[in-house]
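Step one of this worksheet: look at the structure below.
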Amino acid sequence: MSNNLIKSFPNIEIIFGFDFGFKRIGIAFGNTLIKHAKPLKIIHSITNKAKFNEISKLVEKWKPKYFVVGFPTYIDMTSEKHKVAIRCKRFANQLYGRYSIKTFMINENYSSIIIKNYRKKYIDSQSAALILQQYFNEKL
């Protein structure tokens, strides 16, 4: 369903899903009518400013109503896993602060492991789609 077609139905809301990583951010999209997530983009930018410039372009184009950010909720919070959890929370807060778009966090444990079975070079946007699909399945 194209973005222009979705705009003609005012009750349909676009939702972005994010798979946050230190090196890359995967982004997926879906809508509240079909409730099916699809990979959209992988951001490879190094600086925070560049990452948010790319996100801003997508927000301007798609006008999402909500954001969903995958959040690792590991039982054993090793040092590295703990750093990722802290940065995911910070990223979610930055999304809300920059765009004033309601941002949800959802357990993303094992999303990358599930997608890795496909053996693609970069799986971040597919992981984001899995995170967003989980949100659709559990919350909507």
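Being a predicted model, the structure only gives us computed values, none of them experimental.
In this structure the side chain of E138 reaches within 4.5 angstrom of the side chain of I106, judged on heavy atoms. Within the 4.5 Å cutoff, no side-chain heavy atoms of I25 are placed close to those of D19. You'll find the side chain of V69 reaches within 4.5 Å of the side chain of T103, heavy atoms only. A heavy-atom distance below 4.5 Å is not found between the side chains of N31 and E13. In this structure, the side chains of I131 and V68 come closer than 4.5 Å at one or more pairs of heavy atoms. At least one side-chain heavy atom of F136 sits under 4.5 Å from a side-chain heavy atom of I15. Y99 has its side chain within reach of I55: a pair of non-hydrogen atoms, C-beta onward, lies under 4.5 Å apart. At least one side-chain heavy atom of R87 sits under 4.5 Å from a side-chain heavy atom of F22.
F91 meets the ring-ring contact (aromatic ring centres under 6.0 Å, His included) test with F18, F20, F52; sequence neighbours excluded. In this structure K41 satisfies the side chain to side chain donor-acceptor pair (under 3.5 Å) test together with E54, sequence neighbours excluded.
Each of Q134, K139, Q133 was checked for a side-chain hydrogen bond (donor to acceptor under 3.5 Å, both in side chains) with N137, and the lone residue meeting it is Q133.
To the nearest 0.5 Å, atom CD of residue E108 and atom CG of residue L132 are 13.0 Å apart. Here CD1 of I27 is found 13.0 Å from OG of S127. Values are rounded to the nearest 0.5 Å. Residue T47 holds its OG1 atom at 8.0 Å from NZ of K49, rounded to the nearest 0.5 Å. Of the inter-residue distances, the one linking Y96 atom OH with F67 atom CZ reads 11.5 Å to the nearest 0.5 angstrom. Between the CH2 atom of W62 and the CZ atom of F16 there is a distance of 7.0 Å, given to the nearest 0.5 Å. Rounding to the nearest 0.5 Å places NZ of K51 at 11.5 Å from NE2 of H44.
Of all the heavy atoms in I14 and K63, the pair that sits closest is CB-O, 4.4 Å. Counting all heavy atoms, side chain and backbone alike, A50 lies closest to S45 at CB-CB, 3.5 Å. For the pair F71 and C88, the tightest heavy-atom approach, listed with the atom from each and the gap, is CD1-CB, 3.9 Å. Here the shortest heavy-atom pairing between V59 and P64 reads O-CD, 3.6 Å. Among all heavy-atom pairs drawn from L40 and S125, the shortest one is N-CB, 4.2 Å.
Residues T32 and Y66 bring no donor and acceptor atom of their side chains to less than 3.5 Å of each other.
In this structure, K38 places its NZ atom where only 12 or fewer heavy-atom neighbours from other residues, nucleotides or ligands lie under 6.0 Å away.
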